[in-house]
Protein chains: 2
Amino acid sequence: MHSGDPEVSRRVKEFREAAKSAGVKLTHQRLEILREVIGRTDHPSAEAVYRAVRVRMPTISLDTVYRTLWLLTDLGVVTTLGPRREVVRFDPNLKHHHHFVCMRCGLVQDFMSADFDHIRVPEALLAVGEATSTHVDVRGVCIQCAQAREL
Amino acid sequence: MHSGDPEVSRRVKEFREAAKSAGVKLTHQRLEILREVIGRTDHPSAEAVYRAVRVRMPTISLDTVYRTLWLLTDLGVVTTLGPRREVVRFDPNLKHHHHFVCMRCGLVQDFMSADFDHIRVPEALLAVGEATSTHVDVRGVCIQCAQAREL
DNA sequence: CTATTTGCAAATAATTTGCAGTGCG
DNA sequence: CGCACTGCAAATTATTTGCAAATAG
């Protein structure tokens with residue numbers, strides 16, 4: 001995927017519109033960062049985006065990259081892999097299990113399911129690697145948060 | 001789950017054995033930390049374990065909690081939620097997708113699957129919350145790492 | 001006894017923030 | 001032309017490490 005890619009121009013245009021309606025300025029830095037992150041499939045860290053963009057724009061700073069990536073996230077143009085700012089959390093459950101994750105409060109509840117332990121994976125994955133196990137994240141809203149919202 | 005729980009004693013015994021065969025000492029601190037983490041289902045952070053253990057053992061330090069939790073992880077007594085030490089990574093793919101994760105090199109490859117988008121979840125989850133979407137993590141070894149291992 | 005382990009304090013790493021100058025609309 | 005944005009440097013937060021004293025085996 002390079003800069004001339006129609007997908008990239010489509011997403012850049014999408015961002016121009018989102019930026020306008022959010023009253024956000026279109027700076028050279030923001031466009032470069034956006035082009036870089038859209039053109040990648042390896043889920044880069046802020047640092048990795050910084051290194052790549054700096055080649056074309058040597059004066060850019062790492063904190064601008066951070067600020068811009070969070071801005072893009074807030075505008076719904078990109079997402080993050082896993083939750084924002086994760087601290088290490090420990091899990092005493094050694095059995096193969098799955099998670100229910102509450103999108104409101106971050107609750108993570110384990111559950112077992114023999115069906116989920118070995119789901120048949122798409123044929124196309126053979127080209128990526130060999131699958132060992134499958135883990136399902138069920139996202140939703142937990143009972144407590146659902147009740148709090150009803151009030 | 002409290003200290004008298006048979007499950008806790010079973011796991012403590014398991015740890016005593018693992019510790020002996022690894023040539024690791026059984027300190028008061030380690031046993032308290034182990035009891036605390038085993039007795040919880042909320043996947044606590046090191047900080048949370050520290051706060052809880054400090055009630056019974058006021059002189060314990062946060063770094064001992066960290067060292068012990070990683071020790072327990074290395075001994076295979078507990079695991080972590082997500083990979084060790086995660087940096088934020090950004091994902092430009094806004095479509096509902098799933099991940100193939102290589103356990104060797106950390107590669108995360110997106111893939112689509114309409115089947116995986118809405119798997120029927122176990123009835124028991126109704127007691128936990130309302131499910132909105134399902135996301136599958138397929139763990140395994142990617143082609144590159146598999147080839148490297150063959151050499 | 002003596003090698004591990006602990007607690008303290010200082011070091012790191014990733015990320016965020018305050019501020020003065022710069023540039024988009 | 002004014003307010004949002006940038007770059008720099010300094011602050012924060014989570015986690016790790018060096019070291020002298022404490023302790024398990």
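Residue numbering restarts at 1 for every chain, and letters A, B, ... go by the order of the sequence lines.
Residues B:Arg89 and B:Asp63 both approach DNA chain C. Their nearest nucleotides, taken by heavy-atom distance, put B:Asp63 toward the 5′ side.
Between B:His96 and B:His135, the gap from one ring centroid to the other is short of 6.0 Å.
Under 4.0 angstrom from either OP1 or OP2 of C:dT5 there lies at least one side-chain N or O belonging to B:Arg30. Within the structure, every side-chain polar atom (N or O) of A:Trp70 is placed at least 4.0 Å from both OP1 and OP2 of C:dT15. A close approach under 4.0 Å does occur between a side-chain nitrogen or oxygen of B:Thr64 and OP1 or OP2 of C:dG7. For the pair A:Gln29 and C:dG23, the criterion of a side-chain N or O lying under 4.0 Å from OP1 or OP2 is not met.
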Practice prompt. Starting from the C-alpha separation in whole Å, work towards a yes-or-no answer on side-chain contact (heavy atoms from CB on, under 4.5 Å) for A:Val24 and A:Leu71.
Written response: CA-CA 9 Å; A:Val24 153; A:Leu71 173 74; 3.9 Å; yes
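When heavy atoms are screened at a 4.0 angstrom cut-off, B:Glu47 is found touching no nucleic acid atom at all. Across all strands, A:Thr59 comes closer than 4.0 Å only to sugar-phosphate atoms, never to a base (heavy-atom distances).
Rounded to whole Å, atom P of C:dT17 lies 10 Å from atom CZ of A:Arg67. At whole-Å resolution of the value, NZ in A:Lys20 and P in D:dA4 are 18 Å apart. A:Met57 places its CE atom 17 Å from the P atom of C:dT22, with the value rounded to the nearest Å. Rounded to whole angstrom, the span from the CG atom of A:Leu69 across to the C1' atom of C:dT16 amounts to 14 Å. The CD atom of A:Glu32 sits 16 Å away from the C1' atom of D:dC5 (whole-angstrom rounding). Atom CZ of A:Arg54 and atom P of D:dT6 are 17 Å apart (whole Å). Regarding A:Tyr50, its OH atom lies at a distance of 14 Å from the P atom of C:dA14, rounded to whole Å. At whole-Å resolution of the value, CG in A:Leu75 and P in D:dC5 are 10 Å apart.
In this structure, B:Glu17 does not pair ionically with B:Lys20, as no charged nitrogen and carboxylate oxygen lie closer than 4.0 Å.
Using a 4.5 Å cut-off on side-chain heavy atoms (C-beta onward), B:Leu72 and B:Arg67 make no contact.
Checking C:dA14, D:dT6, C:dG7 against every side-chain atom of A:Tyr66, the shortest atom distance belongs to C:dA14. Checking D:dT17, C:dC19, C:dT15 against every side-chain atom of A:Leu62, the shortest atom distance belongs to C:dT15.
Using bins of under 30°, 30° to 60° and over 60° for the plane-to-plane angle, the ring pair B:His98/B:Phe111 lands in the tilted bin.
Rounding to the nearest 0.5 Å places CG of A:Leu81 at 8.0 Å from CG of B:Asp110.
Checked by atom type and distance alone, the side chain of B:Thr134 pairs as donor or acceptor with a backbone atom of B:Ile119 at under 3.5 Å.
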Below 3.5 Å between N/O atoms, which protein atoms pair up with nucleotides 20-24 of chain D? Just atom names and distances, please.
{"from": "D:dA24", "atom 1": "N3", "to": "B:Lys25", "atom 2": "NZ", "distance (Å)": "3.0"}

